[in-house]
Amino acid sequence: MKAPDFAYARPASLDEALALLAAHGEDAVPLAGGQSLVTTLNLRLSAPSVLVDLNAVPGLSGVTQEGDVVRIGAMTRHRDVGVAEIVRARLPLLAAAMPHIAHPAIRNRGTIGGSMALADPATEWPACCLALAATIVLRGPREERRVAAEDFFQGLYATALAPGEIVVAVEVPVPAPDAVWGFDELARRRGDYALAGLAATARRRGPGLTAVRLAFFGLADRPVLARRAAAALEAGDLKGAQVALADELDPPEDPGTRPETRLHLARVILGRVAGRMLEGGRHGA
Amino acid sequence: MAPEAPQRERAIAFTLNGESVRCRAPARTHLGDLLRHEFGLTGVHLGCEHGVCGACTVLVDGRAMRACLMLAVQADGATVETVEGLTESGRIRDLQDAFHARNALQCGYCTPGMLVTAVELLSEAVAPSREEIRDAISGNYCRCTGYHAIVDAISTTAEARRSKEAAE
Ligand SMILES: Cc1cc2nc3c(=O)[nH]c(=O)nc-3n(C[C@H](O)[C@H](O)[C@H](O)COP(=O)(O)OP(=O)(O)OC[C@H]3O[C@@H](n4cnc5c(N)ncnc54)[C@H](O)[C@@H]3O)c2cc1C
Ligand code: FES
Ligand code: FES
């Protein structure tokens with residue numbers, strides 16, 4: 001199908017983009033990679049009257065490290081996040097997750113900021129941000145705010161983003177030297193949205209793990225930090241961790257996969273990811 | 001300074017298959033429709049218009065992109081290459097021959113997108129495994145061939161390019 005009629009602006013600065021969003025209110029939306037927004041336009045699932053294209057706004061893309069924080073610009077394409085030197089060296093979890101996002105042509109265009117703003121519960125970046133205790137940096141007409149990933153994702157496609165605000169960056173603390181991580185995802189076909197996914201980080205302590213963060217995706221209306229399962233894992237109780245997931249996850253009803261099946265898959269990938277982290281490996285799937 | 005007002009149509013200029021072109025584009029028109037209707041490049045196939053089938057894949061600034069998920073006005077200033085341009089330049093002659101030899105197309109609807117996707121893969125990976133090839137074309141649907149022949153064609157092209165390279 002074809003998109004409905006709308007007007008298009010391509011601001012050359014962040015202030016201009018913010019002014020345009022303010023001037024056109026609810027009817028205006030930012031356009032980042034368009035890999036979700038343009039699909040909804042073509043399918044006529046959304047009909048904003050003004051698109052504010054962020055692609056010509058300078059300073060919104062690229063990966064930099066400042067002290068103990070890696071800053072990823074909102075307009076950095078999925079692929080460029082995953083192949084960035086700093087990411088490969090400091091945040092290998094993101095490098096491992098990237099190839100699971102859609103397909104090459106979509107990864108070339110879609111952006112990490114777009115994924116944050118959209119907050120699709122079955123996607124990789126939001127869960128990785130939870131696992132890595134990232135902060136989402138937002139700019140509004142008056143101020144910049146920083147929101148912890150844990151507070152940012154608030155429900156099905158719902159975030160802390162206020163109308164007129166733009167995601168400008170994701171800031172990720174550099175993991176400690178003894179940090180380990182794990183990632184696994186089950187999907188029907190390569191590049192499909194996850195049936196069940198897990199992004200995890202921890203620190204090694206003796207033969208076990210501490211500071212475990214388990215961020216599941218595709219298993220509720222938002223990415224979920226499974227705290228009780230993490231506590232059980234820290235106590236060395238994988239079985240207990242897998243049992244705890246029944247209360248912590250709320251898999252969606254969908255015609256193709258029963259919630260019980262998704263919960264089972266979540267337990268399977270928890271077993272795999274925990275195993276890899278315990279081996280001390282810094283492995284991904 | 002007040003930002004420029006949003007427009008329903010814009011004048012754009014870009015490089016298309018090696019030539020500088022200009023035209024006016026309605027904001028709501030996607031790049032795939034612009035290339036087909038304004039420039040007659042009907043090798044840009046439209047299957048789904050929501051990013052799923054890959055038939056519309058073109059190169060924008062050297063990278064594979066969905067023409068149905070880019071607005072035509074966003075091509076302003078970019079370099080766009082379609083299967084027509086890649087064919088004329090001779091750059092994918094070997095790949096096309098391999099598709100032919102291996103029966104990697106039947107109806108041909110998916111073929112332009114497959115070729116463009118393969119161009120990007122082969123520019124990045126000298127010796128892609130069959131797994132890697134499958135991964136690269138995972139976003140390109142073919143309803144005819146069953147994919148094996150397509151993987152064969154891309155794989156033999158990579159191999160042939162390697163031996164040619166080694167011989168030179
Ligand atoms: C076939 C297909 C398969 C896919 N599979 C996956 C997958 O497996 N995993 C996955 O993660 N994604 C997948 N995607 C989605 C893709 O990754 C999108 O790129 C991503 O969800 C949105 O990013 P975008 O930059 O394209 O945003 P856009 O589509 O441009 O925007 C999405 C929404 O976010 C808003 N927005 C965008 N950027 C900002 C910003 N900086 N500040 C404020 N608001 C903003 C827009 O207004 C819009 O409402 C798939 C897409 C397709 C077409
Ligand atoms: S027409 Fe663009 S992906 Fe199907
Ligand atoms: S050859 Fe017919 S769709 Fe691929």
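Letters A, B, ... mirror the listed sequences (proteins, then strands); counts begin at 1.
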Donor-acceptor contact below 3.5 Å, side chain A:His103 vs main chain B:Gly139: yes

More than 12 heavy atoms from other groups under 6.0 Å of CZ on B:Arg162: yes

Residue among A:Leu31, A:Leu41, A:Thr40 with most heavy-atom pairs under 4.5 Å to chain B: A:Leu31

Among the listed options B:Val60, B:Val52, B:Asp33, the residue most often paired with chain A at heavy-atom distances under 4.5 Å: B:Asp33

Separation between CZ of A:Arg10 and CD of B:Glu4, rounded to the nearest 0.5 Å: 8.0 Å

Side-chain donor/acceptor of A:Asn108 to backbone N/O of B:Ala64, under 3.5 Å: yes

Interface moiety of B:Leu46 toward chain A, non-hydrogen atoms closer than 4.5 Å: side chain

Under 4.5 Å from a heavy atom of chain A, the part of B:Asn140 involved: neither

Which donor-acceptor pairs under 3.5 Å do the side chains of residues 52-63 of chain A make with protein atoms, sequence neighbours left out?
| from | atom 1 | to | atom 2 | distance (Å) |
| --- | --- | --- | --- | --- |
| A:Asp53 | OD1 | A:Asn55 | N | 2.8 |
| A:Asp53 | OD1 | A:Asn55 | ND2 | 2.6 |
| A:Asp53 | OD2 | A:Tyr8 | OH | 2.6 |
| A:Asp53 | OD2 | B:Gln74 | NE2 | 3.0 |
| A:Asn55 | OD1 | A:Arg77 | NH1 | 3.3 |
| A:Asn55 | OD1 | A:Arg77 | NH2 | 2.6 |
| A:Asn55 | ND2 | A:Ala32 | O | 2.9 |

Region of B:Glu9 that comes under 4.5 Å of a non-hydrogen atom in chain A: neither

side-chain contact (heavy atoms from CB on, under 4.5 Å) evaluation trace for A:Val38 with B:Arg66: CA-CA 11 Å; A:Val38 180; B:Arg66 299 286 200 243; over 6 Å; no

Heavy-atom pair with the smallest gap, counting every atom of B:Arg8 and A:Ser49: NH2-O, 4.4 Å

Residue A:Leu51 versus chain B: region with a heavy atom under 4.5 Å: side chain

Atom pair OG (A:Ser36) and NE2 (B:His50), whose distance is rounded to the nearest 0.5 Å: 11.5 Å

Proximity breakdown for B:Arg10 and chain A, heavy-atom pairs closer than 4.5 Å: side chain

Spatial distance of atom NE2 (B:His30) from atom NZ (A:Lys2) [nearest 0.5 Å]: 4.0 Å

Closest approach of A:Ala9 to B:Pro6 (non-hydrogen atoms, all atoms of both residues): CB-CA, 4.0 Å

Smallest separation among heavy atoms of A:Asn42 and B:Cys68, with atom names: ND2-O, 3.1 Å

Heavy-atom proximity to chain A below 4.5 Å, by part of B:Leu71: side chain

Stepwise side-chain contact (heavy atoms from CB on, under 4.5 Å) test for A:Ile106 and B:Met65: CA-CA 7 Å; A:Ile106 291 166; B:Met65 307 237 171; over 6 Å; no

Heavy atoms from other residues, nucleotides or ligands near NE2 of B:His37 exceed 12 (cutoff 6.0 Å): yes

Partner chain A: residue of B:Gly113, B:Gly51, B:Ala136 with the largest heavy-atom pair count (under 4.5 Å): B:Ala136

Donor-acceptor contact below 3.5 Å, side chain A:Arg190 vs main chain B:Ser138: no

For chain A, the option from B:Val73, B:Ile137, B:Thr117, B:Leu121 that forms the most heavy-atom pairs under 4.5 Å: B:Val73

